[in-house]
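Here the structure is laid out as structure tokens; the discussion comes afterwards.
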Amino acid sequence: METSIYKMGNCAADDAAVSKAANVIKSGGLVAFPTETVYGLGADACNPEAAKKIYEAKGRPSDNPLIVHIAEFKDLAYIAKEVPKKASLLAKAFWPGPLTMIIHKNNNVPYETTGGLDTVAVRMPDHFVARRLIQMSGRLIAAPSANASGRPSPTLAEHVAEDLGGKIPIILDGGEVGIGLESTIVDLTEEIPLILRPGYITKAMLERIIGEVKTDPGILAAGDGARPKAPGMKYRHYAPRASLTVVNGNKEAVIRKINELTDKMRAKGKKVGVIGTDETAKAYRGDMVLSLGAREDEDVIARRLYRILREFDEGEADVIYSESFETPGIGQAIMNRLLKAAGHQVLDVAEYGGSKIV
Ligand code: AMP
Ligand code: MG
């Protein structure tokens, strides 16, 4: 299959391309499109055969449910068994935006879309191309991230083409996404709402609107702890091909440790990648040293993370060492993705002393 890539940005051309894409969705096909979080791979959410194609194209396990994207708040009632009060409050505060809510589904949503679950994940994206596609197709669009299963999520149309070129008919190219990490997922079917995946919308932001919110202990555990409730969070996701280790501790100790490991690996003939920041990148001796940006600019770090993981693949790094990024804001989401990419391989070097890295 040939994949057509349409650049978005010029309004008239956009409508012609989005209209072609909308026809593909209506006829049960797949379209990759930009959202503010990452690129999505979309299909008609209420057409079971269309939803199945998403799993096939991504190589995604069929128990990993899709997120249904809507363009207007009233669309929620079309797929919900009932719309919880807290869903209305959160929608008012954060939609359109990077927040996915889990609610009980009704029969309009097939089990192919929800991975066999009686609940459905719903989000209203904050991106004009995504919204226009939903509106022009007249369908709700089920869309996971538009990467091959297991690879880092795409933040550029080029990433989608790398993974899915030849497998889907259309990619709508909206340039680099704004946020770069997947949406926060909050489960409203629990007595106390539960965060199943951290993202740009933090626990504190949710609590300001709906009161107490908990975080799924399964997403913080290092692999063998509690099982995460979002089926997708149990897979080794977001991963570059090289083995990645996060080195955690004070700035000087982290630099010293990463350089020591780099020398050891290079002596064995391995190509070493290092993920640093603008403040530290010059201090490393790796073959590929990439900076995520200035440490205090978390938005830039979030936006660049997946892109940089893919760059290490292109550069054929064998091993990667990364600094750690835990902070109370989006740092939690950054660390969650980094730890998953690393398969929870973390080296703690705090005992070396020195000034704190964060
Ligand atoms: P992706 O869009 O590729 O980031 O994947 C969607 C994420 O949402 C995966 O981690 C899924 O497991 C999660 N998800 C979707 N629907 C549900 C649901 N009904 N219950 C729990 N998690 C869900
Ligand atoms: Mg994904």
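Below, all heavy atoms of this structure are taken into account, side chains as well, without hydrogens, waters or symmetry copies. Residue numbers start at 1 and run along the sequence shown. Since this is a predicted model, take the numbers as computed values, not measurements. Just so you know, ligand 1 is whichever comes first in the structure, and atom 1 is the first atom listed for that ligand.
Checking side-chain atoms of Thr277 against main-chain N and O of Ser291 turns up no donor-acceptor pair under 3.5 Å. Side-chain atoms of Asp163 come within 3.5 Å of backbone atoms of Ala148 as a donor-acceptor pair (strictly under, hydrogens ignored). Of the possible polar contacts, none joining the Glu207 side chain to the Glu212 backbone as a donor-acceptor pair under 3.5 Å is found. A distance-only check finds a donor-acceptor pair linking the side chain of Gln345 to the backbone of Leu244 [under 3.5 Å].
Per-residue contacts place Ala121 under 4.0 angstrom from the following atoms of ligand 1 (heavy atoms of the residue considered): 15 (C), 16 (N), 17 (C). For ligand 1 and Ser145, the ligand atoms under 4.0 Å from any heavy atom of the residue are 1 (P), 2 (O), 3 (O). Atoms of ligand 1 found under 4.0 Å from any heavy atom of Thr119, numbered from 1 in the order shown, are 18 (C), 19 (N), 20 (N). Per-residue contacts place Pro144 under 4.0 angstrom from the following atoms of ligand 1 (heavy atoms of the residue considered): 1 (P), 2 (O), 3 (O). Near Ile185, with a cut-off below 4.0 Å to any heavy atom, the atoms of ligand 1 are 7 (C), 8 (O), 13 (C). Using a 4.0 Å cut-off to heavy atoms of Leu117, the atoms of ligand 1 that qualify are 18 (C), 19 (N), 20 (N). Near Asn64, meaning under 4.0 Å from any of its heavy atoms, are these atoms of ligand 1: 9 (C), 11 (C), 12 (O).
Residue contacts with ligand 1 for Thr114 are absent, since no atom lies close enough (heavy atoms, distance under 4.0 Å). The residue Thr100 has no part lying near ligand 1, judged by heavy-atom distances below 4.0 Å. Counting heavy atoms closer than 4.0 Å to ligand 1, residue Arg123 contributes nothing at all.
Note: an N/O pair closer than 3.5 Å links Arg60 and ligand 1 by distance alone.
At a cut-off of 2.8 Å, Asn147 does not coordinate the Mg ion (ligand 2) through any N, O or S atom.
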For this session: Might you work through the salt bridge (charged side-chain N to carboxylate O under 4.0 Å, His left out) test for Asp14 and Arg132, ending with a clear yes or no?
Result: CA-CA 9 Å; Asp14 284 1; Arg132 193 96 185 103; over 6 Å; no

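Using a cut-off of 4.0 Å between Lys/Arg side-chain N and Asp/Glu carboxylate O, Arg151 and Glu162 are scored as salt-bridged.
Judged by a 6.0 Å distance limit and a 45° cone about the ring axis, Lys105 is positioned over the six-membered ring of Tyr111.
Within the structure, the ring-ring contact (aromatic ring centres under 6.0 Å, His included) test picks out no pair touching residues 70-93 (sequence neighbours left out).
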